[in-house]
Amino acid sequence: MSTQDTHESASAEVAARVERRWATIAVIIIVMMALLAAFAGIHRATMPQPRVEIIDPSRLHLSGEFVESNLGSVLEANGNVTVRAIGQQYSFTPACIVVPADTPITLRATSADVVHGILIQGTNVNTMLVPGYISEQLMRFTKTGDYLMPCQEFCSFGHEGMWGKVKVIDKTEFANRAKGGGRLSCVGQ
């Protein structure tokens with residue numbers, strides 16, 4: 001065997017050893033990432049949400065927070081606004097929500113029948129309405145105007161017609177409307 005053959009053989013052994021090391025490192029990285037993903041998924045699935053509110057969907061309109069006279073927007077004593085709404089096949093109640101601009105708003109909503117979703121277009125407001133649970137979403141609008149609010153969870157054959165609207169008005173105009181008491185909405189306007 002010549003020295004060149006010996007040199008080529010030694011080079012091939014070194015190259016094979018280096019390739020095995022890199023392959024081993026790649027496999028270790030992939031296994032670690034898979035383990036981290038599994039741990040994160042299992043941990044999230046087994047940890048309950050920090051605060052879960054439940055409600056009987058068969059009694060929504062009869063008593064409690066979501067009785068029909070309590071739906072819509074209300075100006076709280078601290079200056080914040082709370083909006084209560086219900087999603088049901090194939091509408092939102094109220095169908096048009098009026099809120100002030102530049103004000104902290106808490107949307108509290110639930111479903112009376114199947115899973116629905118609220119997506120306020122042009123914003124980051126996106127939440128699921130699950131029967132038996134109350135969804136709470138904090139929001140704030142900086143511009144006045146009308147925002148479409150479709151149901152973004154397929155709820156049955158009439159799903160495509162399930163739309164609502166959020167009307168954002170000036171803060172002082174909202175305060176003037178709220179002076180009369182009761183819940184505010186823009187249904188019929």
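The shown structure was predicted, so the numbers you read here are calculated from the model rather than taken from an experiment. Just so it is clear, the values below take in all heavy atoms, side chains as well, and ignore hydrogens, waters and symmetry mates.
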Under 3.5 Å donor-acceptor, Ser156 side chain and Gly158 backbone: no
4.5 Å side-chain heavy-atom contact, Gln152 and Asn126: yes
Side-chain H-bond candidate by donor/acceptor type, Thr106 with Glu136, under 3.5 Å: no
Side-chain cluster (under 4.5 Å, hydrophobic types only) that Ile86 belongs to, other residues: Ile55, Leu60, Phe66, Leu71, Ile134
Expected output: side-chain Thr110 to main-chain Tyr133 donor-acceptor under 3.5 Å: yes
Leu138, CG: over 12 other non-hydrogen atoms inside 6.0 angstrom: yes
Set of ring pair (Phe, Tyr, Trp, His ring centres under 6.0 Å) partners for Phe141, sequence neighbours left out: Tyr147
Joint cluster assignment, Phe174 & Val74, ILVMFWY side-chain distance < 4.5 Å: no
Thr103 (side chain) donor-acceptor with Ala101 (main chain) under 3.5 angstrom: yes
Salt-bridge present (Asp146, Lys167; N to O < 4.0 Å): yes
Flag, side chain of Ser73 to backbone of Val98, donor-acceptor distance under 3.5 Å: yes
SB check Arg177 Glu173 (cutoff 4.0 Å): yes
Flag, side chain of His159 to backbone of Glu153, donor-acceptor distance under 3.5 Å: yes
Sidechain-backbone polar pair: Gln137 side chain, Val125 backbone, donor-acceptor under 3.5 Å: no
Inter- and intrachain pairs under salt bridge (Lys or Arg N to Asp or Glu O under 4.0 Å), touching residues 61-75, at least two apart: Glu65-Arg84, Glu65-Arg108
Minimum side-chain heavy-atom gap Pro131-Ser111 below 4.5 Å: yes
